[in-house]
Amino acid sequence: MERWHKMGHRIIISGGGTGGHIFPAIAIANALRRLKPDIEILFVGAKGRMEMEKVPAAGYEIVGLDIQGLDRQSWVNNLVLPFKLIKSFLKARKVIKNFGAEVAIGVGGYASGPLLFMANRLGIPTLIQEQNSYAGKTNKFLGREAQRICVAYTEMEQFFPAGKILLTGNPIRRSSVELEGKKKEALTFFGLEEGKKTVLVTGGSLGARTLNDFMLKSVEKLVAMSDVQFIWQCGNVYYDDLKSRLHLNGAELNISLTPFLERIDYAYAAADIIIARAGAGTISELCMVGKPAILVPSPNVAEDHQTKNAQALVKKGAALMIADDIAQDNLLEMVLGLLSDEEQCAALSREIKKLALPDADEVIAKEVLKLIA
């Protein structure tokens, strides 16, 4: 294990697993660098997960722990879990000591458990960034010892000690939500027309089977609509099959199909209504974008936190929600109802904007620097 040269303050950021965890982590690191250019930042992730390539691509060093989650399908895979955990705890301890960390930040995901647990044992201050409205088991456990817990939703006292909580919001990609004056070029980018209502359907970076099935099932009705057009982000896995099916229906006229939204700012700028999953990062962006949204929470996530994220917005009149298992049959009716109700669109837009917390990355970075001081 290498020893790091020690210049400025040294901070470890741990966690990952999905873009939803990795992106906020990188945003916090970038904000720390803006505030203190000589700061030293080391990431700790889980071997084989997305962070091992995304973090170096963003210009930061990362160390991987050999750790995995519980495999609900195969008990055989779980037999090695205790050994991997012990190994991860020992490696986390070694990394913290060799790097000389002054603060450890956890953003959720496998690696943040062992890293923050060991930091607490070694007496190093820890900060948790909880992205969801419902805290997972690991963060609840780590929250007892953490100095600061930065959250994106109100009413988090049910999971964490009230005195440690700070409402900061989730860090988001600033470039994704800068929409001013982009609508016209956005429509051109997707090959769509001005003057029609535009609906964005997005299943997140990997795509969402439910939303794809809904679009396929409704495609003939959608093609027949003369005043509505769609941007449909379907995920790489599904793209080729869907493209050939759309071609048969002659749907290219008012459906722009894309595997991934390279220019998510254009997608947001073009949209009048947004249909999306309810991951924490997506919701934080939607609050900044401030357009009427229908959320279809993914049922395949730990502790069903997407449903809880969506309910937190619905309770405030800031979004509509439909359950995954009925979306295929009932979502179209909901979309058409919303498109024809200008008053409801205006109300949803107004209420979701109130929940926007724009400078989360810098607010969290300042809290980290306070822990050093």
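Quick caveat, the model's predicted, so the values are computed rather than measured.
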Interatomic spacing from NZ in Lys243 to OG1 in Thr258 - rounded to 0.5 Å: 9.5 Å
Passing candidate, side-chain contact (heavy atoms from CB on, under 4.5 Å) with Met334, options Val296, Leu320, Leu339, Ile275: Leu320
To the nearest 0.5 Å, atom CD of Glu157 lies from atom CD1 of Ile165 at 4.5 Å
Please check if Val44 and Phe89 belong to a single hydrophobic cluster, counting links between Ile, Leu, Val, Met, Phe, Trp and Tyr side chain heavy atoms closer than 4.5 Å. yes
Taking all non-hydrogen atoms of both residues into account, name the closest pair between Phe23 and Pro171 and its distance. CD2-O, 4.3 Å
Residues in side chain to side chain contact (heavy atoms under 4.5 Å, CB included) with Tyr238, at least two apart? Arg209, Asn212, Leu242
Closest non-hydrogen atom pair between Ser88 and Ile67, with its separation: OG-CB, 3.5 Å
Can you check whether Ala31's main-chain N or O pairs, donor with acceptor, with Glu362's side chain at less than 3.5 Å? no
Does some side-chain heavy atom of Phe159 sit less than 4.5 Å from a side-chain heavy atom of Asn139? no
Do the side chains of Leu357 and Val363 get nearer than 4.5 Å, heavy atoms only? no
Could you measure the distance from the NZ atom of Lys164 to the SG atom of Cys150? Nearest 0.5 Å is fine. 12.5 Å
I'd like to know if Val301 and Leu313 are part of one continuous hydrophobic network [Ile/Leu/Val/Met/Phe/Trp/Tyr, side-chain heavy atoms within less than 4.5 Å]. no
Considering only heavy atoms from C-beta outward, does the side chain of Ile283 approach that of Tyr153 to under 4.5 Å? yes
Please check: side-chain N/O of Asp341 versus main-chain N/O of Glu343, any donor-acceptor pairing under 3.5 Å? yes
Main-chain N/O of Glu194 paired with Lys184 side-chain donor or acceptor, under 3.5 Å: no
Check whether Asn132 reaches the backbone of Asn309 with its side chain - one donor and one acceptor, N or O, closer than 3.5 Å. no
Got a donor-acceptor contact below 3.5 angstrom from the Gln233 side chain to the Pro259 backbone? yes
Could you check if a side-chain atom of Met225 sits within less than 4.5 angstrom of a side-chain atom of Lys197, using non-hydrogen atoms only? no
The reported gap from CD in Gln311 to CD in Gln306 (rounded to nearest 0.5 angstrom) is 12.0 Å
How close do Ala360 and Thr168 get, counting heavy atoms only, and between which atoms? CB-O, 3.3 Å
Identify the two heavy atoms, one from Pro299 and one from Arg277, that lie closest to each other, and give their separation to 0.1 Å. CD-NH2, 4.3 Å
Ile326: side chain to side chain contact (heavy atoms under 4.5 Å, CB included) partners, not counting sequence neighbours: Ile322, Ala323, Asn330
Beyond-backbone contact of Asp324 with Ser298, side-chain heavy atoms, under 4.5 angstrom: no
Are Ile128 and Leu166 connected, step by step, through hydrophobic side chains (Ile, Leu, Val, Met, Phe, Trp, Tyr) whose heavy atoms are closer than 4.5 Å? no
On a heavy-atom basis, the closest approach of Ala104 and Ala119 is CB-CB, 3.8 Å
Would a 4.5 Å heavy-atom cut-off, applied to side chains only, mark Arg245 and Val219 as touching? no
Separation of Leu222 CG from Phe230 CZ (nearest 0.5 Å): 4.0 Å
Between Asp272 and Thr198, is there a donor-acceptor pair closer than 3.5 Å when you use the side chain of the first and the backbone of the second? yes
Just by modelled atom types, is the Phe190 backbone N or O under 3.5 Å from a matching donor or acceptor in the Ser256 side chain? yes
Apart from Ile86 itself, members of its ILVMFWY cluster (side-chain separation under 4.5 Å) are Leu90
How close do Gly203 and Leu211 get, counting heavy atoms only, and between which atoms? CA-CD1, 4.0 Å
Give the other cluster members for Val107, using side-chain heavy-atom distances under 4.5 Å between Ile, Leu, Val, Met, Phe, Trp and Tyr residues; answer none if it is isolated. Ile11, Ile13, Ile22, Ile26, Ile28, Leu32, Leu35, Ile39, Ile41, Phe43, Met50, Met52, Val55, Tyr60, Ile62, Val103, Ile105, Leu127, Ile364, Val368, Leu369, Leu371, Ile372
Hey, what else clusters with Val314 if you join Ile, Leu, Val, Met, Phe, Trp, Tyr whenever side-chain heavy atoms sit under 4.5 Å? Met321
Side-chain donor or acceptor of Gln229 paired with backbone N/O of Ile255 under 3.5 Å: no
Is it true that Lys84 and Asp66 have a side-chain N and a carboxylate O under 4.0 angstrom from each other? yes
Would you compute the distance between atom CD1 of Ile96 and atom CG of Leu115 and round it to the nearest 0.5 angstrom? 5.0 Å
Here's one to test your reading of the geometry: is the NZ or CZ of Arg121 within 45 degrees of the ring axis of Phe117 and under 6.0 Å from its centre? yes
Looking at Lys354 and Glu351, is any side-chain nitrogen of the basic one under 4.0 Å from a carboxylate oxygen of the acidic one? yes
Is there a donor-acceptor pair closer than 3.5 Å between any side-chain N or O of Ser218 and the backbone N or O of Met215? no
For atom NZ of Lys47, is the number of surrounding heavy atoms from other residues, nucleotides or ligands below 6.0 Å larger than 12? yes
Is any side-chain heavy atom of Glu262 closer than 4.5 Å to a side-chain heavy atom of Phe260? yes
Does the salt bridge (charged side-chain N to carboxylate O under 4.0 Å, His left out) test come out yes or no for Glu185 and Lys182, once each step is laid out? CA-CA 6 Å; Glu185 60 192 274; Lys182 287 186 183 173; over 6 Å; no
May I ask you to test the Asn254-Val228 pair for a side-chain heavy-atom distance under 4.5 Å? no
Decide if atom CD of Glu342 counts as having more than 12 heavy atoms of other residues, nucleotides or ligands within a radius under 6.0 Å. no
Closer than 4.0 angstrom, basic N to acidic O: yes or no for Lys315 and Glu155? yes
Lys54 bridged to Glu51 by N-O distance under 4.0 Å: no
Would you find a donor on one side and an acceptor on the other, under 3.5 Å apart, between the side chain of Glu102 and the backbone of Arg10? yes
Less than 4.0 Å between a side-chain N and a carboxylate O, is that true for Asp359 and Arg174? yes
In residues 284-292, what donor-acceptor pairs under 3.5 Å come from side-chain atoms, sequence neighbours left out?
from, atom 1, to, atom 2, distance (Å)
Ser284, OG, Asn170, ND2, 3.2
Ser284, OG, Ala280, O, 3.1
Glu285, OE1, Tyr268, OH, 2.8
Lys291, NZ, Tyr268, O, 2.8
Lys291, NZ, Ala269, O, 3.1
Lys291, NZ, Ala271, O, 2.7

